[in-house]
Structure formats: structure tokens, C-alpha cells
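Note: hydrogens, waters and symmetry copies are ignored here, and every other heavy atom, side chains too, is used.
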Amino acid sequence: MVGEEGAFVLGWDEVLTEEELSTTLKVLCMSEEEFKEYKEQDGWEDDSEEEENSTLSYEALSRLKTPCKKLLYDSVLLTLESYGSDLKAEQDLLNNKEAYEKLSRREQQALHVRYGQKRILHQLLELVH
């Protein structure tokens with residue numbers, strides 16, 4: 001459901017792989033009965049009204065049903081745990097000019113990327129908590 005990489009892409013304001021995330025959340029939050037029906041129908045019928053309402057802006061994520069929000073919350077926590085350090089450690093390193101300048105250019109760029117990724121994930125945690 002999530003493609004070969006098995007990951008969702010999040011931007012600062014919205015989910016960039018919204019169709020994949022929406023479908024995944026729907027399926028994973030189904031009851032056993034709903035899932036059996038889903039499998040029998042080979043997915044959902046083409047419903048343009050449902051498609052229009054499935055946009056996953058961050059505002060829409062905050063209105064998800066509780067089971068889907070919990071699943072998303074737990075997934076974000078697992079992703080954050082996979083990093084070697086937390087958001088505060090990255091922020092402290094960015095704010096420590098002496099330590100930051102000791103990093104190679106490549107390490108500095110990696111730090112900025114990790115920090116940005118963690119900020120987006122923390123923003124998502126707040127929305128679905």
C-alpha cells in the first residue's frame with residue numbers, strides 16, 4: 001500500500017503522499033468485518049466525493065478518528081526512536097556555534113536535514129495527540 005519504500009512523505013503543511021497514507025490508515029483502522037468486505041470488493045468503489053474529502057492537510061489529520069490518530073501517533077514515535085538523538089540535542093548543537101563549526105560541511109547539512117525531519121514529526125505528534 002505504501003509503495004516500495006514503505007514510507008510516507010510529510011511536508012511542513014500537509015502529507016505529500018496523502019493517497020497512500022489515507023488508504024493505509026483506512027485499512028489498518030478497519031474492523032475485521034469491514035476488512036473482509038473491503039477484500040471482497042477489491043478495494044473501494046470509485047467515489048469522487050470521498051476522494052475530495054480525503055485530503056490530508058495537517059488540519060485534517062487532527063480530525064481523524066481516535067484509532068487512526070493513535071496509530072499515526074505510535075508510528076511517529078517509532079520513527080523518532082530510530083534516530084540516534086532527540087530534537088533537543090539537534091537544536092543544542094545548532095545553537096552551539098563552536099561545536100557546529102567543528103562539524104564538516106557534510107555533517108552540518110545532515111544535522112539540518114535531521115533537525116527539519118524531527119520538527120515535522122513533532123508537529124505531527126501535536127496534531128494527532
### Query
Should we say atom CG of Asp74 is surrounded by more than 12 heavy atoms from elsewhere, each under 6.0 Å from it?
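More than 12 heavy atoms, drawn from other residues, nucleotides or ligands, come within 6.0 Å of this atom.
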### Message
Does Glu59 have more than 12 heavy atoms from other residues, nucleotides or ligands lying within 6.0 Å of its CD?
### Response
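It does not: Glu59 CD has 12 such atoms or fewer within range.
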### Task
Go through the steps for Val128 and Val76 under the test side chain to side chain contact (heavy atoms under 4.5 Å, CB included), then give the verdict.
CA-CA 10 Å; Val128 297; Val76 170; 5.8 Å; no
Spatial distance of atom [atom1] ([X]) from atom [atom2] ([Y]) [nearest 0.5 Å]:
X: Cys68; Y: Met30; atom1: SG; atom2: CE; value: 10.0 Å
X: Glu107; Y: Leu93; atom1: CD; atom2: CG; value: 9.5 Å
X: Leu71; Y: Thr24; atom1: CG; atom2: OG1; value: 9.0 Å
X: Leu64; Y: Leu21; atom1: CG; atom2: CG; value: 8.0 Å
X: Leu61; Y: Glu18; atom1: CG; atom2: CD; value: 9.5 Å
X: Leu121; Y: Arg119; atom1: CG; atom2: CZ; value: 12.0 Å

Please find the pair of heavy atoms, one from [X] and one from [Y], that lie closest to each other, and give the distance.
X: Ile120; Y: Gly11; answer: CG2-O, 3.9 Å
X: Ser85; Y: Lys118; answer: O-NZ, 2.6 Å
X: Trp12; Y: Tyr58; answer: O-CE1, 3.3 Å

### Query
Going through the distances and angles, do Glu40 and Lys36 end up as a salt bridge (Lys or Arg N to Asp or Glu O under 4.0 Å)?
CA-CA 6 Å; Glu40 288 171 5; Lys36 284 179 185 176; over 6 Å; no
Identify, with sequence neighbours excluded, every residue that meets side-chain contact (heavy atoms from CB on, under 4.5 Å) alongside [X].
X: Arg106; result: Ser104
X: Val113; result: Gln117
X: Glu98; result: Asn96, Lys102

### Any Phe8 side-chain heavy atom under 4.5 Å of Leu16 side chain
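Answer no - side chains too far apart.
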### Message
Tell me whether Leu87 shares a hydrophobic cluster with Leu125, the cluster being built from Ile, Leu, Val, Met, Phe, Trp, Tyr side chains joined at under 4.5 Å.
### Response
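No.
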### Message
Is there a continuous path of hydrophobic side-chain contacts, each under 4.5 Å between heavy atoms, that joins Val9 to Leu127?
### Response
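Hydrophobic grouping puts Val9 apart from Leu127.
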### Task
Give a yes or no answer on whether the side chain of Gln108 reaches the backbone of Tyr100 with a donor-acceptor pair at less than 3.5 Å.
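Side chain of Gln108 to backbone of Tyr100: a pair is present.
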### Query
Can you tell me if Lys69 uses its side chain to pair, donor with acceptor, with the backbone of Ser62 under 3.5 Å?
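Looks like yes, one N/O pair under 3.5 Å.
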### Any residue meeting ring-ring contact (aromatic ring centres under 6.0 Å, His included) with His129, in chain and number order, not counting sequence neighbours
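ring-ring contact (aromatic ring centres under 6.0 Å, His included) check on His129 returns Tyr73.
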### Query
Tyr83: what forms a ring-ring contact (aromatic ring centres under 6.0 Å, His included) with it, not counting sequence neighbours?
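For Tyr83, no residue satisfies ring-ring contact (aromatic ring centres under 6.0 Å, His included) once neighbours in sequence are set aside.
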### Query
Partners of Asp92 by salt bridge (charged side-chain N to carboxylate O under 4.0 Å, His left out), sequence neighbours excluded?
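Lys88.
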